[in-house]
Protein chains: 2
Amino acid sequence: MGKLDFSPIADTTRRAEIVALLRRAILTGQLEPGQKLNELRIAEQMRVSRAPLREAMRELVQEGILTSIPYAGTFVIDVTAKDIDDAYSLNKVLDEFAIERMWPLRDQRFFDELDRRHEAVKQATRNLDTTRQIETALQLHGLIHEWADNSVLLETWQRLTSRLQMYFALHQRARNEPVPAEDVHDTYVRLLKGSDMGAAQRHAREHIELDFEELLAYARSLEQRTSKGARADRAGLTRNRPEGD
Amino acid sequence: MGKLDFSPIADTTRRAEIVALLRRAILTGQLEPGQKLNELRIAEQMRVSRAPLREAMRELVQEGILTSIPYAGTFVIDVTAKDIDDAYSLNKVLDEFAIERMWPLRDQRFFDELDRRHEAVKQATRNLDTTRQIETALQLHGLIHEWADNSVLLETWQRLTSRLQMYFALHQRARNEPVPAEDVHDTYVRLLKGSDMGAAQRHAREHIELDFEELLAYARSLEQRTSKGARADRAGLTRNRPEGD
DNA sequence: TCTTGTTAGATTGTCGACAATCTGCTTGTC
DNA sequence: GACAAGCAGATTGTCGACAATCTAACAAGA
């Protein structure tokens with residue numbers, strides 16, 4: 001038989017496209033944290049009715065980068081230092097788990113893909129395209145999760161990644177200078193190709209710790225000024241209440 | 001000032017109520033895996049238009065217990081042995097992390113809440129209410145995650161829990177006999193009150209392992225018969241594709 | 001001046017109808 | 001009989017309009 005695999009056909013619903021557009025706008029920082037999303041205005045701009053737009057927003061709310069308050073509006077989530085800290089500490093655990101799981105599954109295809117993504121990061125770095133740099137770096141990092149053959153882990157990591165990407169983008173936006181970070185990933189890639197799993201896990205943990213401190217400091221500095229969308233605080237999250245008691 | 005705190009007002013949107021109704025139906029197994037959700041029919045039964053229903057469905061899709069295929073329909077996710085395995089192995093990691101984090105945060109309020117939830121499980125067990133038993137057991141288990149003071153962890157665990165609850169409910173449904181499991185949780189609760197964190201972590205891991213094997217065997221037996229909704233396979237999940245290359 | 005009630009405007013939530021798409025059946029042709 | 005084309009029927013996706021709710025400004029009264 002012919003050994004040609006077709007890629008799945010593109011999503012042809014407006015909803016999916018809206019989701020992609022909005023997500024991109026949020027993750028690149030074009031929509032700022034705390035900002036309110038006016039349905040009517042966005043719908044007009046996109047030449048779309050409010051129905052698919054609202055459905056798209058619901059998805060992003062569940063994805064964790066929007067938050068909705070009934071009859072008040074839907075807002076981009078606020079970035080608190082605690083959130084970043086939480087996300088990072090969990091990410092470390094997930095990384096360790098992912099490496100453990102994917103370690104015996106490494107093969108030539110893995111190494112090739114690893115190099116490919118590493119190259120993409122270097123490319124973006126050369127081009128001084130910081131947005132793309134963040135994106136590719138996270139994709140490089142995500143390979144271990146994709147390769148771990150655990151769909152739940154992958155979903156979890158992708159949710160985490162959305163926020164991390166948003167945090168990084170904001171950080172980059174704040175200070176306009178591009179990160180030099182030329183070959184930060186070299187060690188990471190080398191260790192993933194090596195034979196010492198423990199070393200790879202340790203490096204993943206420390207490597208992350210690195211730019212984390214910087215990011216955290218930035219978030220703390222943001223915390224001072226009062227965000228105009230400050231009332232868009234935690235809503236929902238109380239699924240577990242013991243209703244019958 | 002008066003020291004009375006009011007609980008937040010109930011969500012008064014139809015959407016929220018629909019979400020709750022649908023989630024309950026799915027998690028208790030009233031809606032079976034692979035089953036298609038006909039929008040028109042459900043909307044009529046609930047006396048609601050399709051708009052809020054569809055928004056509710058979008059939320060549950062992102063929550064991971066429904067899956068949607070454009071122009072084909074929305075289905076309850078299929079339960080594969082691999083999914084259960086994945087969820088459990090990740091859950092073990094999360095438990096360990098949660099215990100580590102909440103350990104220094106334990107106080108009297110924690111112990112009280114622990115006892116309260118433990119009592120709820122025993123109550124449900126006495127009443128032979130298996131659905132409620134599953135629910136309360138998971139709530140007991142969830143306390144460590146709620147107490148870990150990490151919102152991202154909590155969200156992640158709640159997503160996982162949804163599936164686990166669904167799996168358990170299906171399992172219970174299959175074999176009608178209620179689980180004896182009278183005091184399975186006694187040791188768990190005792191260790192969480194004790195001073196040996198490592199022991200608590202170890203127990204959490206092993207205790208889970210217990211009913212896991214049973215559940216997994218059941219899932220494997222299901223895998224034989226062809227589900228009528230079999231084509232409702234993984235859709236989406238490919239957010240990470242490198243679009244510009 | 002402070003509080004409370006009222007009202008107008010804007011925004012979100014919901015509805016019913018229409019358009020686009022899929023599925024299965026029928027029909028026609030070889 | 002096998003197969004492709006085409007035609008209902010049903011279902012999902014989208015639209016425009018209406019209802020419910022919130023916000024802020026303003027007026028009335030203590």
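Within every chain, numbering begins at 1; the chains are lettered A, B, ... in the order of the sequence lines, protein sequences first and strands thereafter.
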Rounded to whole Å, the CZ-P distance (R54(B) to dT14(D)) equals 7 Å

Counting distance only, does the side-chain N/O of D86(A) pair as donor-acceptor with the main-chain N or O of S151(B) below 3.5 Å? yes

d(CD, E17(B); P, dG13(C)) in whole Å: 14 Å

Starting at atom CE of M57(A), determine the distance to atom P of dT14(D), rounded to an integer number of angstrom. 16 Å

Supply the atom-to-atom distance L22(B) CG to I42(B) CD1, rounded to the nearest 0.5 angstrom. 6.0 Å

To the nearest Å, give me how far apart CD (E55(B)) and P (dT12(D)) are. 16 Å

For the pair K36(A) (side chain) and A72(A) (backbone), establish whether a donor and an acceptor sit closer than 3.5 Å, ignoring hydrogens and angles. yes

Would you tabulate the nitrogen or oxygen pairs shorter than 3.5 Å linking the protein to nucleotides 15-17 of chain D?
| from | atom 1 | to | atom 2 | distance (Å) |
| --- | --- | --- | --- | --- |
| dC15(D) | OP1 | R14(A) | NE | 3.4 |
| dC15(D) | OP2 | S49(A) | N | 2.7 |
| dC15(D) | OP2 | S49(A) | OG | 3.0 |

Net bend of the helix from dT1(C)-dA30(D) to dC30(C)-dG1(D), end axes of five pairs each, nearest 10 degrees: 0°

Just to confirm, is there a sub-4.0 Å distance from OP1 or OP2 of dG13(D) to any side-chain nitrogen or oxygen of R58(B)? yes

Take L37(B) and Y71(A), find for each the nucleotide of DNA chain D with the closest heavy atom, and name the residue whose nucleotide sits nearer the 5' end. L37(B)

Taking all atoms of both residues into account, what is the closest heavy-atom pair of S162(A) and I65(A), and its distance? CB-CG2, 3.9 Å

Does the distance from a Lys or Arg side-chain N to an Asp or Glu carboxylate O, for R116(B) and E113(B), drop under 4.0 Å? yes

Mind listing the closest non-hydrogen atom pair of F97(A) and V93(B) along with its distance? CD1-CG2, 3.4 Å

Rounded interatomic separation in angstrom, taking CG from N38(B) and C1' from dT12(D): 10 Å

When all nucleic acid strands are considered with a 4.0 Å heavy-atom cut-off, which category describes R15(A): base, sugar-phosphate, or nothing? sugar-phosphate

In whole angstroms, the gap separating C1' of dT11(D) from CG of L40(B) amounts to 8 Å

Using side chain to side chain contact (heavy atoms under 4.5 Å, CB included) as the criterion, point out the one residue from L160(A), L154(A), T156(A), N150(A) that pairs with H145(A). L154(A)

How many Å lie between CZ on R41(B) and C1' on dT11(D), as a whole number? 12 Å

Which residues pass the side chain to side chain contact (heavy atoms under 4.5 Å, CB included) test with R50(B), sequence neighbours left out? E39(B), L40(B), A43(B), R54(B)

Considering the options R58(A), R23(A), R159(A), which one meets the salt bridge (charged side-chain N to carboxylate O under 4.0 Å, His left out) requirement together with E63(A)? R23(A)

Rounded to the Å, how far apart are E39(A) CD and dA10(C) C1'? 12 Å

